[in-house]
There are 2 protein chains.
Amino acid sequence: MMCTLVRMSDLKRTRRHDPGRRDRLIDAALEVIAERGVAGTTHREIARAADVPLGSMTYHFASLDEVLAEAFTRHASAAADVFDERLGAATDRDTAIEAVIQLIRDDLIGSPKDLVMAVELYVAAARNPALRAVTQAWMQRSRDALERHFDPTTAREVDALIEGLVLHSVLSTDPMTPEQIRHAVERYLR
Amino acid sequence: MMCTLVRMSDLKRTRRHDPGRRDRLIDAALEVIAERGVAGTTHREIARAADVPLGSMTYHFASLDEVLAEAFTRHASAAADVFDERLGAATDRDTAIEAVIQLIRDDLIGSPKDLVMAVELYVAAARNPALRAVTQAWMQRSRDALERHFDPTTAREVDALIEGLVLHSVLSTDPMTPEQIRHAVERYLR
DNA sequence: ACATCATGTGTACTCATGTACACAAGAGCG
DNA sequence: CGCTCTTGTGTACATGAGTACACATGATGT
């Protein structure tokens, strides 16, 4: 009997009228950015990641910049959600401090891919006003979340401290231990 | 009488045997990176900035990566020198704190171009081990400078705090005022 | 003064990219 | 069942990139 070999490129044929494809393309773009960086993110690369023909890219997006903007917006929004959840669960100052420590340890240092995304965004934002707005909205949400538990000045400073700690920890040869993170945050907040 | 118009392209002809050209190319590369980002840094762009023929690039450097590596190395070294100078002048803990505040205010937030360079480096380092080493050497020198006045743990934390403050200040819509910087550093160090 | 050789330059080749656009295909309706 | 219009695809084109390499040019030793 014949073994029914089905090639991807044949399957692709049958996938006309695919609502939500735009969404999947944005997710694919995020994958590519995380893996290859903005510099390595091309129409073709995204299309390949989403298993979609090249023409689909120009059909759904006016330009590559538009794809990047949407991708970063989505990522920033997801990251801010995590921030919100962690801090939203806290009821008093002490648990808020614990939440910050856990956030840094588990969500930020724990997944360096997110830091890569953040830094890629910062660089892209340096030359693209639309992305600058995304960055600022993201930072604003972090600060708002922190302001639920700390005064505005403290919130701003802690936000910056978190960023610096994560950045240096991930870039360094010896990452910070959970104890060191706790030490730094508590020293600042207590 | 004839006005002696001299075109640049004619002048270039006479500039054979130019020792130190390699150095100037690296500086030109730094300019281009700061202005157009790593993404916009090409052989042709650097050659134009240095007013040098394209062929000169491949003559002096084996690849574009080599140019980037040398450029970032030079920048990191210069930045670390500033760090060293500022902190080397301090004699006691209090003046060291003042030095840190001045460093942030005048040298870091004061010239956002340097921050752009740093972030560009971080991104580039994410995919290039040679640049990762440059980053780490740079961070090490900052920490060493700080350790002349503070214990290692504090040095590391302050180093991270500085990075975070500068990053957030420059990216934010409202930059931190000198007073806010002073407040954040003193809160942490006193 | 001339030959030789390291140094420096112009140009051309190949390749990947963004984008446009002519075409295919299927959904929805009469 | 066919007609039409939105939705989706394949391909081709212009552009700018890195790099190679044949050639020019000036320094240097005799």
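Per chain, numbering begins at 1; letters A, B, ... match sequence-line order. Values below: all heavy atoms of this structure, side chains included; hydrogens, waters and symmetry mates excluded. Since the model is a prediction, treat every value here as computed from it, not as a measurement.
Going from atom CZ of B/Phe61 over to atom P of D/dA20 covers 15 Å, rounded to whole Å. Separating the NE2 atom of B/His60 from the P atom of D/dG18 is a distance of 17 Å, rounded to the nearest angstrom. Spacing between atom CD1 of A/Ile46 and atom C1' of C/dT19 amounts to 14 Å, rounded to whole angstrom units. When the C1' atom of C/dG10 is taken as reference, atom NE2 of B/His43 falls 16 Å away, rounded to whole Å. Protein atom CG of A/Leu64 is 10 Å distant from nucleotide atom C1' of C/dT17, rounded to whole Å. With rounding to whole Å, A/Asp18 atom CG is found 14 Å from C/dG26 atom C1'. The CG atom of A/Asp65 sits 13 Å away from the C1' atom of C/dT19 (whole-angstrom rounding). In this structure, the CZ atom of A/Arg24 is 11 Å from the P atom of D/dG8, given to the nearest Å.
Closest contact between the side chain of B/Ser63 and the listed nucleotides C/dG18, D/dT19, C/dC21 involves D/dT19. For B/Leu54, whose side chain is taken as the heavy atoms from C-beta onward, the closest listed nucleotide among C/dT11, C/dG18, C/dG10 is C/dT11. Here the side chain of B/Ser56 is nearest to one of C/dT9, C/dG18, D/dG18, namely C/dT9. Listed nucleotides D/dG18, D/dT9, C/dG8 differ in distance to B/Arg21; the shortest reach to its side chain belongs to C/dG8. With distances taken from any side-chain atom of A/Tyr59 to the nucleotides D/dT9, D/dA17, C/dG18, the minimum falls on D/dT9.
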Review point. Would B/Arg127 and B/Asp65 count as a salt bridge (charged side-chain N to carboxylate O under 4.0 Å, His left out) if you check the C-alpha gap in whole Å, the side-chain angles of each, and the deciding distance to 0.1 Å?
Key: CA-CA 11 Å; B/Arg127 270 132 204 134; B/Asp65 268 359; over 6 Å; no
Point to revise | A/Arg190 and A/Asp94: CA distance, side-chain angles, deciding distance, salt bridge (charged side-chain N to carboxylate O under 4.0 Å, His left out) verdict | key: CA-CA 9 Å; A/Arg190 297 208 223 258; A/Asp94 275 355; 2.9 Å; yes
Practice item. Would you check, one step at a time, whether the test salt bridge (charged side-chain N to carboxylate O under 4.0 Å, His left out) holds for B/Glu147 with B/Arg141? Key: CA-CA 10 Å; B/Glu147 283 185 19; B/Arg141 280 194 60 192; over 6 Å; no
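Residue B/Arg22 has no polar side-chain atom (N or O) positioned under 4.0 Å from OP1 or OP2 of C/dG8. Residue A/Arg48 has no polar side-chain atom (N or O) positioned under 4.0 Å from OP1 or OP2 of C/dT17.
Position along DNA chain D of the nearest nucleotide to A/Arg44 versus A/Gly55 favours A/Gly55 as the more 5'-ward residue.
In the displayed structure, B/Arg36 atom CZ is contacted under 6.0 Å by at most 12 heavy atoms of other residues, nucleotides or ligands. Environment of CZ in B/Arg187: crowded, with over 12 heavy atoms of neighbouring residues, nucleotides or ligands closer than 6.0 Å.
Side-chain contact between B/Arg182 and B/Glu98 is present, with at least one heavy-atom pair separated by less than 4.5 Å. In this structure, A/Arg156 and B/Ser172 have side chains that are in contact, with non-hydrogen atoms separated by less than 4.5 Å.
Across the helix from C/dA1-D/dT30 to C/dG30-D/dC1, the helix axis at one end is tilted relative to the axis at the other end by 0° (nearest 10 degrees, each axis from five pairs).
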